[in-house]
Amino acid sequence: MVLGVILHKNKDKYVECQKIQISFNFKTLRRSTLRLKKMAIIITDECINCGACEPECPNTAIYEGADDWRYKDGTKIRGKVILADGTEVDADAAQTPISDDIYYIVPGKCTECKGFHEEPQCAAVCPVDCCIPDDNHVESEETLLNRQAFLHNE
Ligand code: SF4
Ligand code: SF4
């Protein structure tokens with residue numbers, strides 16, 4: 001809650017100031033920031049392992065700590081595939097967990113929900129707001145949409 005000031009005129013054209021209270025919804029503000037920055041999302045160590053985000057991800061990019069992940073999970077890609085950066089991967093192969101302790105997001109499967117939703121669904125449902133923009137994975141909308149098309153063979 002912060003104090004702000006508005007100006008308004010009365011009938012004698014006298015301008016006066018009036019203090020008002022402005023309340024920010026920080027969750028909404030954070031979602032707006034996510035939309036503007038176009039970054040992949042990362043789960044911080046504030047995660048309480050509630051599991052609410054996992055079923056919401058349209059790309060199955062979220063995994064429970066210590067669980068293996070695969071490109072084929074929740075996508076249409078199978079077998080040997082070439083990623084956008086030229087790397088060849090086996091979509092069926094189990095990959096090493098990114099975290100052993102908390103839920104984690106695979107950056108190569110996260111599209112910030114582009115192609116499915118207006119905002120990152122993990123951030124929308126997380127009760128402790130620990131799904132935040134990942135400064136190490138800033139990507140263009142085109143890159144994210146291409147990934148979405150690649151993952152779902154569209
Ligand atoms: Fe999945 Fe969307 Fe969260 Fe990325 S932003 S991990 S695609 S729910
Ligand atoms: Fe962790 Fe938030 Fe996902 Fe719950 S919703 S598992 S707290 S990241």
Side-chain angles (χ1 to χ4, degrees), residues 1-5 20-154:
M1 192 83 74
V2 296
L3 282 178
V5 174
I20 60 169
Q21 285 192 318
I22 303 169
S23 66
F24 283 103
N25 181 327
F26 286 98
K27 195 159 190 171
T28 302
L29 193 61
R30 176 171 286 179
R31 288 178 201 163
S32 300
T33 305
L34 295 181
R35 280 198 291 274
L36 289 173
K37 285 188 174 175
K38 302 196 188 319
M39 294 176 177
I41 307 300
I42 190 171
I43 295 174
T44 72
D45 59 10
E46 291 170 34
C47 172
I48 57 172
N49 286 321
C50 72
C53 55
E54 184 181 5
E56 301 301 323
C57 181
N59 300 316
T60 311
I62 303 174
Y63 292 83
E64 188 173 358
D67 276 2
D68 294 338
W69 66 273
R70 296 166 185 77
Y71 277 101
K72 76 168 187 177
D73 297 337
T75 73
K76 289 188 178 154
I77 59 173
R78 300 289 183 271
K80 294 271 172 32
V81 291
I82 308 290
L83 302 180
D85 66 0
T87 310
E88 182 180 290
V89 298
D90 182 353
D92 302 337
Q95 308 287 338
T96 306
I98 294 174
S99 170
D100 287 332
D101 306 314
I102 56 172
Y103 278 75
Y104 66 88
I105 293 171
V106 177
K109 295 184 75 179
C110 176
T111 63
E112 297 176 39
C113 290
K114 294 289 179 202
F116 294 103
H117 304 288
E118 287 295 311
E119 62 181 3
Q121 295 300 285
C122 50
V125 302
C126 181
V128 293
D129 286 346
C130 69
C131 301
I132 64 170
D134 183 355
D135 291 333
N136 293 318
H137 292 95
V138 181
E139 298 173 304
S140 70
E141 182 154 353
E142 181 184 18
T143 298
L144 295 168
L145 286 171
N146 285 342
R147 179 176 301 141
Q148 189 264 343
F150 171 74
L151 292 173
H152 299 281
N153 203 17
E154 293 172 353

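If you're wondering where the values come from, they're calculated on a predicted model, not measured in any experiment. What's counted below: heavy atoms across the whole structure, side chains too, no hydrogens, waters or symmetry copies.
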- Between Val81 and Tyr71, is a side chain to side chain contact (heavy atoms under 4.5 Å, CB included) present by the stated rule, with each step listed? CA-CA 10 Å; Val81 291; Tyr71 277 101; 5.8 Å; no
- Please step through side chain to side chain contact (heavy atoms under 4.5 Å, CB included) for the pair Cys47 and Cys130, ending with a clear verdict. CA-CA 6 Å; Cys47 172; Cys130 69; 3.8 Å; yes
- Query: Taking it one step at a time, do Glu56 and His117 satisfy side chain to side chain contact (heavy atoms under 4.5 Å, CB included)?
  - Reply: CA-CA 11 Å; Glu56 301 301 323; His117 304 288; over 6 Å; no
- Start with the C-alpha distance between Ile77 and Asn153, add both sets of side-chain angles, then the distance that settles side chain to side chain contact (heavy atoms under 4.5 Å, CB included), and finish with yes or no. CA-CA 7 Å; Ile77 59 173; Asn153 203 17; 5.7 Å; no
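In terms of heavy-atom proximity, Gly51 sits nearest to Pro55 at O-CD, 3.3 Å. Of all non-hydrogen atoms in Glu139 and Thr143, the two that sit nearest each other are OE2-CG2, 4.1 Å. Nearest heavy-atom pair, Val125 versus Ala52, reported as atom, atom and distance to 0.1 Å: CG2-O, 3.8 Å. Between Cys110 and Ile105, the shortest heavy-atom distance links the atoms CB-CG2, 3.8 Å. Closest approach of Pro97 to Asp68, counting heavy atoms only: CD-OD1, 3.6 Å. Taking all atoms of both residues into account, the shortest heavy-atom contact from Arg70 to Ala93 is CG-O, 3.3 Å.
The shortest distance between side-chain heavy atoms of Pro127 and Cys50 falls below 4.5 Å. Taking the side chain as every heavy atom from C-beta outward, Ile42 and Ile132 approach each other to under 4.5 Å. Side-chain contact between Pro58 and Cys113 is present, with heavy atoms from C-beta onward closer than 4.5 Å.
Side chain of Asn136 to main chain of Ala40: no donor-acceptor pair is present (N/O by atom type, distance under 3.5 Å, no hydrogens or angles). Without hydrogens or angle criteria, Tyr63 side chain to Thr60 main chain gives a donor-acceptor distance under 3.5 Å.
Annotation: the span from Ser99 atom OG to Glu64 atom CD amounts to 10.5 Å, rounded to 0.5 Å. Distance check: Tyr103 OH to Ile48 CD1 gives 11.0 Å after rounding to the nearest 0.5 Å. If you take CH2 on Trp69 and CD1 on Ile98, they are separated by 6.5 Å, rounding to the nearest 0.5 Å. Here the CG-OG1 distance, from Leu145 to Thr111, works out to 8.0 Å after rounding to the nearest 0.5 Å. Once rounded to the nearest 0.5 Å, the distance linking CD1 of Ile43 with CG of Asp45 reads 11.5 Å. To the nearest 0.5 Å, atoms NZ (Lys109) and CD (Gln148) are separated by 13.0 Å.
Scored by the side chain to side chain contact (heavy atoms under 4.5 Å, CB included) test, Asp85 finds Leu83, Thr87 as partners (sequence neighbours excluded). Looking at residues two or more places apart in sequence or on another chain, you find a ring-ring contact (aromatic ring centres under 6.0 Å, His included) between His152 and Phe116.
For CD of Glu142, the number of neighbouring non-hydrogen atoms (other residues, nucleotides, ligands) closer than 6.0 Å is 12 at most.
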